[in-house]
Amino acid sequence: MSFLDQLNAWLADPNRWSWTDKAGVPYRTLEHLRFSLLALAIAAVLTIPAALWLAHYRRGAFLASSAVNIGRAIPSFGLIILFWFLASRWELDTTFWPLLLALVALAMPPLFTNTYAGVVTLEQETIDAARGTGYREWQIMLRLELPLASPVILAGARVAFLQLIATVAIGAIVNDGGGLGRYIVDGFAVGAQGYGAIFAGGLAAVLLALVCDGAFALITRVATPRGLALQNARRD
């Protein structure tokens with residue numbers, strides 16, 4: 001059977017477009033997004049408040065710079081294997097926790113670094129003016145620094161989320177999930193007869209990453225304060 005025949009047969013599977021069957025592309029797409037969004041949300045809760053506080057008081061510069069190097073050095077597949085091993089030793093659900101913990105660990109460095117950098121690069125005169133008008137420190141952080149740094153923070157979230165989209169697919173190697181990566185892993189498992197599934201799974205993962213990247217660009221545009229957007233437009 002040729003590659004195109006394999007691809008046509010794969011696409012013609014009656015369960016391929018099911019939202020509830022594990023063979024369905026919609027089912028696997030939602031699974032892919034669920035893992036990615038959950039990991040991003042947990043990583044954001046763990047890192048953004050801490051980075052905001054440290055940046056406001058100009059502390060933790062070494063931690064922020066180290067986070068960049070850690071983010072570059074972490075091997076995603078190695079993390080998944082490590083957490084899978086620990087989960088199996090502690091009799092936890094190996095189909096969920098290893099992948100989720102690895103994803104959270106991968107998303108934390110860019111979120112922390114961008115939040116820190118976004119706050120410390122703000123003009124000090126703006127902060128001092130807010131302080132002079134009676135703003136308390138927590139009000140400066142939440143009402144001034146966080147909104148003004150939001151484009152940089154969202155840029156970090158965008159990078160992190162695209163990493164998560166790619167890593168979820170790898171997760172299919174060690175558990176039954178893995179979203180769209182499930183098709184790639186299963187395709188390789190059957191050898192030459194699985195080329196259609198491998199191609200379809202890879203293409204679906206790429207399209208999902210492009211759609212998510214576009215969605216983040218739109219979110220960044222909408223979330224950027226109007227005054228800051230106008231200021232950036234003048235500079236450009």
Side-chain angles (χ1 to χ4, degrees), residues 29-30 32-61 63-74 76 100-124 126-127 130 135 137-169 179 205-236:
T29 302
L30 290 180
H32 209 118
L33 287 173
R34 186 173 66 249
F35 264 113
S36 304
L37 288 171
L38 181 59
L40 185 70
I42 294 174
V45 170
L46 292 176
T47 56
I48 291 177
L52 179 63
W53 186 86
L54 289 170
H56 176 75
Y57 289 104
R58 300 299 191 267
R59 298 176 181 172
L63 181 61
S65 61
S66 298
V68 177
N69 297 325
I70 292 172
R72 291 171 179 169
I74 289 179
S76 54
L100 181 66
L101 293 175
L103 295 176
V104 171
L106 286 172
M108 288 175 68
L111 285 172
F112 183 91
T113 303
N114 276 49
T115 303
Y116 192 93
V119 172
V120 297
T121 54
L122 295 177
E123 295 179 356
Q124 190 58 42
T126 305
I127 308 301
Y135 271 57
E137 297 305 312
W138 68 268
Q139 290 176 316
I140 293 174
M141 284 189 276
L142 296 181
R143 297 181 181 178
L144 191 67
E145 290 176 330
L146 187 60
L148 291 178
S150 60
V152 182
I153 297 172
L154 285 171
R158 185 176 178 176
V159 170
F161 195 69
L162 293 179
Q163 286 182 330
L164 297 180
I165 291 289
T167 306
V168 169
V206 170
L207 291 176
L208 180 62
L210 292 175
V211 170
C212 290
D213 188 49
F216 258 99
L218 182 61
I219 292 171
T220 302
R221 184 173 181 178
V222 172
T224 301
R226 185 174 177 80
L228 183 61
L230 290 173
Q231 186 181 49
N232 292 337
R234 291 192 195 100
R235 288 175 181 172
D236 295 339

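Keep in mind that what you see is a predicted model, and the values were worked out from it rather than measured.
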Mind listing the side-chain donor-acceptor pairs of residues 35-57 below 3.5 Å, one per line with the distance, residues two or more places apart or on another chain?
unit_1 : atom_1 : unit_2 : atom_2 : d
Ser36  : OG     : His32  : O      : 2.9
Thr47  : OG1    : Ala43  : O      : 2.6
His56  : ND1    : Glu145 : OE1    : 2.9
His56  : ND1    : Glu145 : OE2    : 3.1
His56  : NE2    : Glu137 : OE1    : 2.5

> Given the rule in the side chain to side chain contact (heavy atoms under 4.5 Å, CB included) test, do Leu33 and Leu208 qualify, once you have shown the distances and angles that lead to the verdict?
Replying inline: CA-CA 9 Å; Leu33 287 173; Leu208 180 62; 3.9 Å; yes
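Residue Phe112 holds its CZ atom at 12.0 Å from CD1 of Ile153, rounded to the nearest 0.5 Å.
Shortest non-hydrogen contact noted between Leu106 and Pro109 is O-CD, 3.4 Å. Closest heavy-atom contact between Ala130 and Ile140: CB-CG1, 4.3 Å. When all heavy atoms of Pro147 and Ser150 are compared, the pair lying nearest together is O-OG, 2.6 Å. Pairing each heavy atom of Leu154 with each of Ala223, the nearest pair is CD1-CB, 3.7 Å. Nearest heavy atoms, Gly156 versus Pro110: O-CB, 3.9 Å. Here the closest non-hydrogen pair linking Leu148 and Thr126 is CD1-CG2, 4.4 Å.
At most 12 heavy atoms of other shown residues, nucleotides or ligands fall within 6.0 angstrom of atom OH in Tyr135.
Pairs engaging residues 40-59 under the salt bridge (Lys or Arg N to Asp or Glu O under 4.0 Å) rule: none recorded [sequence neighbours left out].
Asp213 places a side-chain heavy atom less than 4.5 Å from the side chain of Arg158.
The backbone N or O of Leu164 sits nowhere less than 3.5 Å from a side-chain atom of Thr167 that would complete a donor-acceptor pair.
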